[in-house]
Amino acid sequence: MKQYYLFLVFIFFNSCQYFDKQIPSEKELLQKELKSINWKEVDEYPSVVDCEKIEDKKQRQQCFFEVLTLLIQEKLSVDTLSILYPELDTIEVKVTVFPNATIQFEPQFPKDSVAYDKIKIDSILKARLVDFPKINPAIKRGIPVKTQFILPVILKVE
């Protein structure tokens, strides 16, 4: 019986090493998690109410881009851009959707372009591109995030 107790005590003390595992530090876990996140892509793209019912991520993104491009084209079609710059048929607009659902538009021009009055075009865009429907911001890991993209907007449709 004495040997039995000695055997149990021996197993008890040796079994503790199986439970003594190294716990990774908080910083290590954080670094590992941060490395596993794809920072170049969002979980959900920005969206408008018309596109909310679409389940597929890519189709919803495409719907959002089409709706936004169409709205921008409609707002700029009745403007002086086509009169001031008749050679300008397409303009690239950098769209920024902020986490608080506000949007900002910025025209993009070639670096060497001096043919356009950038300040005037920018002021026309800021004056015309207002009163958009509510845009839901992009989501990354459950948190609204800022996104930017460039949309080619056709000014003249022939």
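Remark: F98 CZ to I135 CD1 distance equals 12.0 Å, nearest 0.5 Å. Q148 CD to I103 CD1: the interatomic distance, rounded to the nearest 0.5 Å, is 13.0 Å. For the atom pair NZ of K140 and OG1 of T147, the computed distance is 12.5 Å after rounding to the nearest 0.5 Å. Separating the CZ atom in F65 from the CG atom in L70 is a distance of 15.0 Å, to the nearest 0.5 Å.
The side-chain hydrogen bond (donor to acceptor under 3.5 Å, both in side chains) search around E26 returns none, not counting sequence neighbours. Partners of K27 according to the side-chain hydrogen bond (donor to acceptor under 3.5 Å, both in side chains) rule, which considers only residues two or more places apart in sequence or in another chain, do not exist here. Partners of E28 under the side-chain contact (heavy atoms from CB on, under 4.5 Å) rule, at least two apart in sequence or in another chain, are P24, S25. Evaluation of the side-chain hydrogen bond (donor to acceptor under 3.5 Å, both in side chains) rule for N100 yields T102 as partners, not counting sequence neighbours. With sequence neighbours excluded, the residues forming a ring pair (Phe, Tyr, Trp, His ring centres under 6.0 Å) with F132 are F105, listed by chain and number. Here E41 pairs with K57 under the salt bridge (charged side-chain N to carboxylate O under 4.0 Å, His left out) rule; sequence neighbours left out. Residues meeting the side-chain hydrogen bond (donor to acceptor under 3.5 Å, both in side chains) test with S47, sequence neighbours left out: E52. E33 is linked by a salt bridge (charged side-chain N to carboxylate O under 4.0 Å, His left out) to R141, counting only residues two or more places apart in sequence or in another chain. Taking E92 as the reference, nothing meets the salt bridge (charged side-chain N to carboxylate O under 4.0 Å, His left out) condition, with sequence neighbours excluded.
Within the structure, salt bridge (charged side-chain N to carboxylate O under 4.0 Å, His left out) contacts touching residues 60-69 (residues at least two apart or in different chains) are E44-R60. The disulfide (SG to SG under 2.5 Å) analysis of residues 24-74, with sequence neighbours excluded, yields the pairs C51-C63.
The minimum heavy-atom distance linking P137 with P99 is given by the pair CG-O, 3.3 Å.
Transitive grouping of hydrophobic side chains (ILVMFWY, heavy atoms separated by less than 4.5 Å) keeps F64 and I139 in distinct clusters.
Inter-residue side-chain proximity for V48 and L71 is flagged as unmet; no heavy-atom pair is nearer than 4.5 Å.
In this structure, V145 shares a hydrophobic cluster with V42, Y45, the cluster being traced through Ile, Leu, Val, Met, Phe, Trp and Tyr side chains under 4.5 angstrom apart.
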